[in-house]
Each structure stands twice: as structure tokens, then as C-alpha cells.
Protein chains: 2
Amino acid sequence: MTRARGGERADRREDHDDETTFLAAYDLTAYPRPALTVDVAILTVLEDAIHALLVQRPSQPAKGQWALPGGFVGLDESLPDAVERVLARETGLTGVYTAQLATFGAVDRDPRGRVVTVAHYALVPAGTLVDAVSARPATLLARVDASPGGGPGGFSVRGPEGELALAFDHREILTEALARVRWRLWHAPVAFALLPEEFTLLELLRVYEAVLGRSLDKNSFRRRIRASGLVAPLGRRREGLRARPAELYRCAGPDADP
Amino acid sequence: MTRARGGERADRREDHDDETTFLAAYDLTAYPRPALTVDVAILTVLEDAIHALLVQRPSQPAKGQWALPGGFVGLDESLPDAVERVLARETGLTGVYTAQLATFGAVDRDPRGRVVTVAHYALVPAGTLVDAVSARPATLLARVDASPGGGPGGFSVRGPEGELALAFDHREILTEALARVRWRLWHAPVAFALLPEEFTLLELLRVYEAVLGRSLDKNSFRRRIRASGLVAPLGRRREGLRARPAELYRCAGPDADP
DNA sequence: TAGACTTATATGCGGTGCGCGTATATGTGT
DNA sequence: ACACATATACGCGCACCGCATATAAGTCTA
């Protein structure tokens, strides 16, 4: 230890030269390595149910099957950049809330060979997502019905034609995304990403119920949300509905925590 | 839609042939792609403080610097397999609790070029880790002192010689690992992975305090833990200490949740 | 236009869990 | 025998949540 510290400065200079020459000669691509993709589970709450945006694969492999939007990660783009690019390319969406979910690396998860995917989820207001889907062919919003008692992953993915089988391991990714969003709902202000800027407390409640898959008490919910300080009343009301107009709120909390 | 459904069976056969020929001709490796590694933040609680196992890099790049154990992901191994291999190779540890943390893909995070790493964390009882470190040169247990008020990432990593600068973005990974373990402490039975099979409630309390970075009330803690049903008394006691012997417990809960 | 209906909002009550203080039990050390 | 240290049990009060109830303020309909 003492000897090593005595030569510290000289060693450091020597190491720097070593590293420079090492890096000049180093070829990362000399070794076999997996391919890397990002996949995004784009979720929303529509008609009191979770929906996921799916795209019909336009080319091999799994051509014609429904899948999560995804794509290969470029050499010069970060993971968030890759997600942003994929979202824009396959759905036209920009500026949406996204977060990393988990990385899936089963050896046989892609028939093309070894492909590891960094799965993400995105939360989008229903209106935005409906517009995006209707503007694109070969995309749909699949209703994801999760029965909380139905065990892990015990949910159905339904399109207009009925139950859908997802390509690759995308059903597994969707399962994880659902669990993650449920988990974060109470601990991070993610629900607001699923609503337009202005919303009523009942609309917020519906989002919570849809995500959690169970009904919540309206009074307790009001108290909790208002006490949390995450919403601020706007002083205006949503009128023209069947009953007393409800106060409009907006998200007010500083975004938070891991 | 109707047309597509009418030809479904024939299409499927055709698609299968297409996919087979497609896959035969497909070369995943034809496109540039990042290299992929796994890195593991191996954590324990020693002397009422969190410690992380670090290895001194034996070769370029960042030669001589302290880093988290890690290695490239092989073409034929899953991510858990890669983690297991790396742990065994660099620390000799086997059969420890590991979980995926997050994937770090900043373009410039590795001087060799584009290297994306799937970061994991491992939780190991202090005794096991002390043994592993003392059996290997160029490894150490660095004390990680986190002041909860010190802002995000506001912690120190200290070896016997003082503060350490970690290689690559490993300090960032350590930050995330710490936050994740804190987050999970109350929601999943992770604390037991940091203790030997048999432990007293005070020892469990010390683990919680070390991970959370703050003191907890002993009485409330007892009630919460016992009411949680995650521990079962063994009927034996830890004797020979300075005071009344404490009941020994073991982890009893079914492992749980994402 | 009056009343039914629907939804919004406020308030009160009781159980539960947790922070905190206190009392008692049971070992070690002098 | 006594002090001392820790383990364990219990009680009190507060905060929060589920639940019920009351009132407000609109729309809808006869």
C-alpha cells in the first residue's frame, strides 16, 4: 500500500499513456455480442380500462403479428434517444412520458438470434393516443383487462377481433409494465401522465381504478389526493355534464422519486 | 379485415415459409450495435453501515481504478447467467440474491466505445462478503455513507485510504442501487438477504437503519415486523451477550412482488 | 316550472397502524 | 446482592383511511 501510494503520480501518468495506446488499439467489435433493441409498452386509460398501443409487424420476423413498438439501438444514440426515435417513427408521438422498465435477455426470445431488449413504458392521455392510432394504419389500441385475482400475468389483450397473441416475449413485457405502473401509481405522480392537463378528481379516480383494477372509495380518494399536494385547483369547472360541475385541477407536485 | 381473415390459414403457412427463408438469410450482426455488459453492485450491511464490494480493475481501460464487478454478456447466456458468472469469476460468490436494477446506455460512458450495461444489485450477508473479499486480492469493501438529507447521490464511498473515485459511471449505478434497495426495503423481503439465516430483531433493525440511513423506533419496529408475518420465531435465543438473550428468528414469508 | 336525478363536496365516526413513553423480564458484570 | 444492559410487553394519542351521511348545484323530464 505505502509503496503504491509513493509512486502514485508517476503511475497515473503511465496509466494514462497506457490507456491511450490501449484504446487506440482496442476493437470492441472484435467479440461476438448480442444485438440491442428498445421496446415500448405505450399505455393509456380509455373507457375506464387500460389500453396498450400495438403495431402490426410489417416485415419478418413475426410478420403480421401484433407487437410493441420497438427498434434497434443505434451506436450514437442513448437509450432515451432510441425510445424517442422509435415512438416518433412507429406512432408519431413526441414528448410523452416514458421510463425504463427492465431489460429482457432470454437467449431465445428472438428467432433472429441473440437480441436483448431494454423495455420501456410510456404513459399517454387517451385522446392523444386515439389520435395517433387513427392517423396510422397497422396500429391499434388493445384493451388490457387485468383481473387482480387472476394471478400474475393473468390478463387479456383484446383487439376489435378478440384476444391477441403478442409477438416475441411482448406479453411478458406488458405484464411487467402493468405491474410497474400499478406499483408506482401511489408512490409517484404517474397518473397525471394519463390525463389531459386539466382534469376533475373523478376523472383522476377513474384512472386509478382502471390501473389498479379495482374500485376505490370516492371520499377517501378526494382527501388523499388533496392532502398529497400533488394537485392544484384551477378555480374553473367542467360544465355541461349531467350533474353539478366539478372543479378542474392540474398536476402541481414537483415530479419525484425513483 | 374480412379479406385478411378469409385467407388466414393459407397466409399463415405462407408466412411460416417466409419466416424460415427470411431467418436463414438474416444476419443480425450485419448492423453496427453496442456492446453489452452486466455490472453488479454487491451490497451488505457491516458495522451498521452499507458497504459495497469493489474490484480494482486489473487491465485497461481505467486500469487500477476501483469499479463494480462486471463483464461482457456472452451470446449464449441469459442476463442472470451472465451475472452469476461474473460474480463467481470476480468474487467467488455463488447463490446470492441478485436483481436487475436498470440499464445504463449513455453514449460516452465507456472510453472503449459504445458499451451498454445492464446494472444489477446483489445483497449478501456481511460474513459471506467479508470472507469473499479477504480471499481475493484487489477487492475491498467500501463503506458507503449516505446522508439522507445530502441530496440525491450525496454519499461518500470510502476505502481504507479514504474517499474513492469509481470508474466509468459506476458511482451513478451505486446511487441507483442504493435508492432501489431503500425503496424495496419496506415493500419486499430484501432485508433478510443481508442477514444470516438466523437473526434477532435488533440485528434486523440495524439493517433497516443502515439501509435507510436513519434511526427507527425499536418498539414500533418490533410490532411491524412481527405483524407482517415475514419472520418466524425459532424458539431459541442468542446468548452470551451483555444482557438478556434475544429470541432468534428466521425469514418466513413467501417471497414476493415486483 | 317543479320535482327527480346525478354528481360534487363537506363532515363525522370508528378502526388500524405507528410514534412514543413506560413497565417488567432476564440475562451479564462487579 | 446489586447495578447495568438489553429484551419484551403494554398503554396512550395522533394521523390516516374506509365508510356513512348530509348538503350543494347542476341537468333532465313530466
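Proteins come first, then strands; the chains are lettered A, B, ... in the order of their sequence lines, and each starts at number 1.
- Taking the six-membered ring wherever Trp is involved, the centroid distance between the rings of A:His170 and A:Trp66 does not fall below 6.0 Å.
- Atom-to-atom, CG of A:Leu248 to P of C:dA8 comes out at 11 Å; the value is rounded to the nearest Å.
- Taking the six-membered ring wherever Trp is involved, the centroid distance between the rings of B:Phe199 and B:Phe192 falls below 6.0 Å.
- Between B:Arg226 and D:dA9, a side-chain N or O to OP1/OP2 separation shorter than 4.0 Å is present.
- Residue A:Arg222 has a polar side-chain atom (N or O) positioned under 4.0 Å from OP1 or OP2 of C:dA10.
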B:Arg136 vs B:Glu90, salt bridge (Lys or Arg N to Asp or Glu O under 4.0 Å): CA-CA, chis, key distance, verdict: CA-CA 9 Å; B:Arg136 300 231 162 194; B:Glu90 306 212 355; over 6 Å; no
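- Residue B:Leu202 contributes atom CG, which lies 17 Å from atom C1' of D:dA9 at whole-angstrom precision.
- Put simply, B:Ser220 has a side-chain N or O that comes within less than 4.0 Å of OP1 or OP2 on C:dG19.
- One can place CG of B:Leu205 at 14 Å from C1' of C:dG19, the figure rounded to the nearest angstrom.
- Between A:Arg237 and the phosphate of D:dG26, there is a side-chain N or O to OP1/OP2 separation shorter than 4.0 Å.
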B:Arg171/B:Asp169 under salt bridge (Lys or Arg N to Asp or Glu O under 4.0 Å): CA gap, chis, key distance, verdict: CA-CA 5 Å; B:Arg171 187 183 168 90; B:Asp169 54 358; over 6 Å; no
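- Judged by distance alone, with hydrogens and angles left aside, B:Asn219 brings a side-chain donor or acceptor within reach of the base of C:dG21, the pair sitting under 3.5 Å.
- Residue B:Arg223 contributes atom CZ, which lies 15 Å from atom P of D:dT8 at whole-angstrom precision.
- Within the nucleic acid shown, B:Glu239 has no heavy atom closer than 4.0 Å to any nucleic acid atom.
- One can place CZ of B:Arg242 at 9 Å from C1' of D:dT6, the figure rounded to the nearest angstrom.
- Side-chain N/O atoms of A:Arg244 and base N/O atoms of D:dA24 include a donor-acceptor pair closer than 3.5 Å.
- To the nearest angstrom, P of D:dA5 lies 12 Å from NZ of B:Lys218.
- The distance from atom CZ of A:Arg238 to atom P of D:dT27 is 15 Å, rounded to the nearest whole Å.
- A cation-pi arrangement is not found for A:Arg214 relative to A:Tyr208, the charged atom failing to lie both closer than 6.0 Å to the ring centre and inside a 45° cone about the ring normal.
- In this structure, CG of A:Asp217 is placed 16 Å from P of C:dT7, rounded to the nearest angstrom.
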